[in-house]
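What follows is one structure encoded as structure tokens, with my remarks underneath.
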Amino acid sequence: MPDGQLKELKDGEMITHKTSELFANKKVVMFAVPGAFTPTCSVTHLPGYVVSADELKAKGVDAIICVAINDAFVMSAWGKAQNAENLMMLADGDGSYTKALGLEMDTAAFGGLRSQRYSMVIDNGVVTNLNVEKPQEFEISNAETILKQL
């Protein structure tokens, strides 16, 4: 995984996470959405991970991270609205980390720079599974797929 930083608003405090520390000596499930509060992201993608959090952790996952090219305030509000207290809701405000992963997309007038929809398993900083969706699809980046891959 590339080095970078992601932001989190937690208990009113802005935290900057270094990705090298987020992934070191841990098994992490990270998934990304094109945007917080958008239909597929809010109705199925994020809720699937919220519901499956205990099952994922029972399979040895240390952290479940949701990333979007939004600011930390939006990610925090979205997490609260979705009861995602067992997930880390991290912001890639300028898209630099998403670009470093090579998983960005330009949605033009819809919202500009966004992340492709994906999920991955990261074991001690190394991606062991990567599921990138085709545009406008939601079939392989869900929590069910990740559970089968663990």
Side-chain angles (χ1 to χ4, degrees), residues 1-107 110-133 138 141-143 145-147 149-150:
M1 293 294 285
D3 283 333
Q5 296 182 347
L6 298 167
K7 301 267 188 187
E8 179 182 29
L9 182 66
K10 189 169 185 174
D11 301 323
E13 180 184 348
M14 188 67 67
I15 301 166
T16 300
H17 294 280
K18 291 182 180 181
T19 57
S20 58
E21 293 170 8
L22 279 175
F23 307 134
N25 303 311
K26 295 179 196 114
K27 183 176 282 189
V28 176
V29 167
M30 185 167 84
F31 67 101
V33 297
F37 292 104
T38 56
T40 301
C41 305
S42 292
V43 174
T44 53
H45 204 173
L46 177 58
Y49 284 93
V50 170
V51 169
S52 300
D54 289 340
E55 202 173 347
L56 288 163
K57 291 189 176 184
K59 288 194 170 218
V61 172
D62 298 297
I64 305 163
I65 299 173
C66 176
V67 176
I69 300 177
N70 285 110
D71 64 62
F73 297 98
V74 168
M75 292 301 287
S76 176
W78 190 39
K80 287 177 184 165
Q82 294 283 331
N83 300 311
E85 61 272 351
N86 292 319
L87 279 63
M88 295 180 76
M89 303 296 291
L90 302 185
D92 183 15
D94 63 357
S96 59
Y97 196 71
T98 302
K99 287 179 189 175
L101 290 171
L103 292 169
E104 78 278 6
M105 66 178 172
D106 184 357
T107 63
F110 173 76
L113 179 68
R114 297 291 178 132
S115 176
Q116 293 181 57
R117 186 182 305 281
Y118 67 83
S119 64
M120 63 174 70
V121 178
I122 306 156
D123 196 349
N124 193 24
V126 177
V127 176
T128 58
N129 297 85
L130 174 61
N131 312 296
V132 181
E133 298 284 0
F138 178 61
S141 63
N142 54 34
T145 298
I146 288 289
L147 281 165
Q149 294 173 337
L150 290 170

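Just so it is clear, the values below take in all heavy atoms, side chains as well, and ignore hydrogens, waters and symmetry mates.
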Would you say [X]'s side chain and [Y]'s backbone share a donor-acceptor pair under 3.5 angstrom?
{"X": "Gln82", "Y": "Ser42", "result": "yes"}
{"X": "Asp11", "Y": "Glu13", "result": "no"}
{"X": "Ser76", "Y": "Ala72", "result": "no"}
{"X": "Asn70", "Y": "Ala36", "result": "yes"}
{"X": "Asp62", "Y": "Lys27", "result": "yes"}
{"X": "Lys26", "Y": "Glu21", "result": "yes"}
{"X": "Asp54", "Y": "Ala58", "result": "no"}
{"X": "Asn142", "Y": "Thr145", "result": "yes"}

Atom pair [atom1]/[atom2] of [X] and [Y] - distance to nearest 0.5 Å:
{"X": "Ser20", "Y": "Asp3", "atom1": "OG", "atom2": "CG", "value": "5.0 Å"}
{"X": "Leu130", "Y": "Gln149", "atom1": "CG", "atom2": "CD", "value": "9.0 Å"}
{"X": "Ser141", "Y": "Arg117", "atom1": "OG", "atom2": "CZ", "value": "6.0 Å"}
{"X": "Ser52", "Y": "Lys57", "atom1": "OG", "atom2": "NZ", "value": "12.5 Å"}
{"X": "Leu22", "Y": "Leu90", "atom1": "CG", "atom2": "CG", "value": "6.5 Å"}
{"X": "Ile69", "Y": "Thr98", "atom1": "CD1", "atom2": "OG1", "value": "4.0 Å"}

Heavy-atom side-chain contact between [X] and [Y] under 4.5 Å:
{"X": "Cys41", "Y": "Phe138", "result": "no"}
{"X": "Leu9", "Y": "Met75", "result": "no"}
{"X": "Asp106", "Y": "Leu113", "result": "no"}
{"X": "Pro34", "Y": "Ser115", "result": "no"}
{"X": "Leu46", "Y": "Phe31", "result": "yes"}
{"X": "Tyr118", "Y": "Leu101", "result": "yes"}
{"X": "Met14", "Y": "Lys7", "result": "yes"}
{"X": "Pro2", "Y": "Tyr97", "result": "yes"}

Full working for side-chain contact (heavy atoms from CB on, under 4.5 Å) between Asn86 and Val50: CA-CA 7 Å; Asn86 292 319; Val50 170; over 6 Å; no

Nearest heavy-atom approach of Cys66 to Trp78 is SG-CZ3, 3.8 Å

Nearest heavy-atom pair of Glu104 and Lys99: which atoms, and what distance? OE1-CA, 3.4 Å

Just to verify, which of Thr19, Ile64, Ile65, Ile146 counts as forming a side-chain contact (heavy atoms from CB on, under 4.5 Å) with Met30?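 So the option named by the test is Ile65.
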
Show the numbers, then the answer: is there a side-chain contact (heavy atoms from CB on, under 4.5 Å) between Val127 and Val121? CA-CA 6 Å; Val127 176; Val121 178; over 6 Å; no

Where do Glu55 and Leu147 land on the side-chain contact (heavy atoms from CB on, under 4.5 Å) test, with the steps shown first? CA-CA 8 Å; Glu55 202 173 347; Leu147 281 165; 3.8 Å; yes

For side-chain contact (heavy atoms from CB on, under 4.5 Å), just list the numbers for Leu150 and Leu56, CA-CA rounded to whole Å, side-chain angles, deciding distance to a tenth of an Å, and then say yes or no. CA-CA 8 Å; Leu150 290 170; Leu56 288 163; 3.6 Å; yes

Decide yes or no on side chain to side chain donor-acceptor pair (under 3.5 Å) for His17 and Glu8, but give the supporting numbers first. CA-CA 8 Å; His17 294 280; Glu8 179 182 29; 2.7 Å; yes

